[in-house]
Amino acid sequence: MEWFTYLLSAVLPALTPTHAASPIKWTALVGGATADTSIYANAFFPRTLEIGVGDTVTWTFEGFHNVTFLSGAAAPPFAVPEGDKAYFNPQMLLPAGGRSYDGTGFYTSGVPGPDGRLSYTLTFTKPGRYAYECTIHAGMRGMVIVKDKATGTPAAALKRGRAEQAATLAAGRARFARLAVERHGTSFVVPLVGNSRQRYSVLRFTREPLVVPLGATVTWAMQDTFEVHTVTFTSGEKPPQFAVPEPQPSGAPKVLLNPKALTPTTVTQYDGTGWVNSGLLFPPGNPGKLPSSFSLTFTKPGRFEYWCLVHADVGQRGVIVVQ
Ligand SMILES: [Cu+2]
């Protein structure tokens, strides 16, 4: 029965389960915010995840972001023009790519719905260091390091992620707590703050209504590298939607960037009436030399409400009291 033993020895290794560890499931958090929505985390938690080949990572969303693996390519532009209109680039909004990633190709989660919840899972099939980002918030980056075998545990990684997220939100809260309006005579400067190292944005203008004397000039100055904002006085009108979904005969809706929000007015003085809009304000020193500040002089006493149209839905609203 020599042949039988021989056959058995040839077949057995194929039948016996090898000791390849079963894939491990890892979790990372995307974004996060304080309960009052004043502070947004523009980061992935933990920032770096070290996993084994064949493992999966599930990103759990807590805000309006995406998880995008560009594999070395340039990030898609934020907006696509169409005639005299501009639409959100669908490459930022809709999922693309398969379920397993080997370091090549364009993979993206798409964005969550209005509730900010989404879950995105990828399996990593090849060892390497894979950078990923959120293409909505410039500078929001993470890293997956894939090794032959993971050394840590998913529970420890998630715990580290939650601690990083808590530290980011605490740093943002502390920054908001000491947010101060600069005053030079009748000129006031309201900073719009965020921190790319601590990875937060403050989605508020001032802590209290800003009281200024008649004839004062207020300047809103971007100091945030992640976000865009507007400064918009609606004079009682409900702030218009920034992103307007346009249903299509088939497929996903297109999302119009509301021209009313994008278009700056030329007004430099405000008496409590009419529509006054900065248009989008961009991070300071942006390569396109796009505007990063806006000034307005107040010519009538009163209490005036204004909005950031990008973040009105999370309560970015300010009040100026002119007396
Ligand atoms: Cu804003």
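Whatever order the structure lists ligands and atoms in, that order sets their numbers, starting from 1. Only a predicted model underlies this, so the values are computations on that prediction, with no experimental measurement involved.
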Residues Glu237 and Lys260 bridged, charged N to O under 4.0 Å:
yes

Is a salt bridge present between Glu50 and Lys147, judged by a nitrogen-to-oxygen distance below 4.0 Å?
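Lys147 and Glu50: salt-bridged.
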
Passing option when Phe233 is tested against Phe294, Phe298, Trp307 for ring pair (Phe, Tyr, Trp, His ring centres under 6.0 Å):
Phe298

Cluster question for you: counting only ILVMFWY and a side-chain heavy-atom cut-off of under 4.5 Å, with indirect links fine, are Leu169 and Phe176 together?
yes

Could you walk me through whether Tyr132 and Phe44 pass ring pair (Phe, Tyr, Trp, His ring centres under 6.0 Å), step by step?
CA-CA 10 Å; Tyr132 66 98; Phe44 303 101; 4.5 Å; yes

Within the 6.0 Å centroid threshold, strictly below: Trp220 and Tyr306:
yes

The Cu ion (ligand 1): protein N, O or S atoms that are less than 2.8 Å away, sorted by chain:
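Hits for the Cu ion (ligand 1) below 2.8 Å: His229 ND1, Cys308 SG, His311 ND1, Gln316 OE1.
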
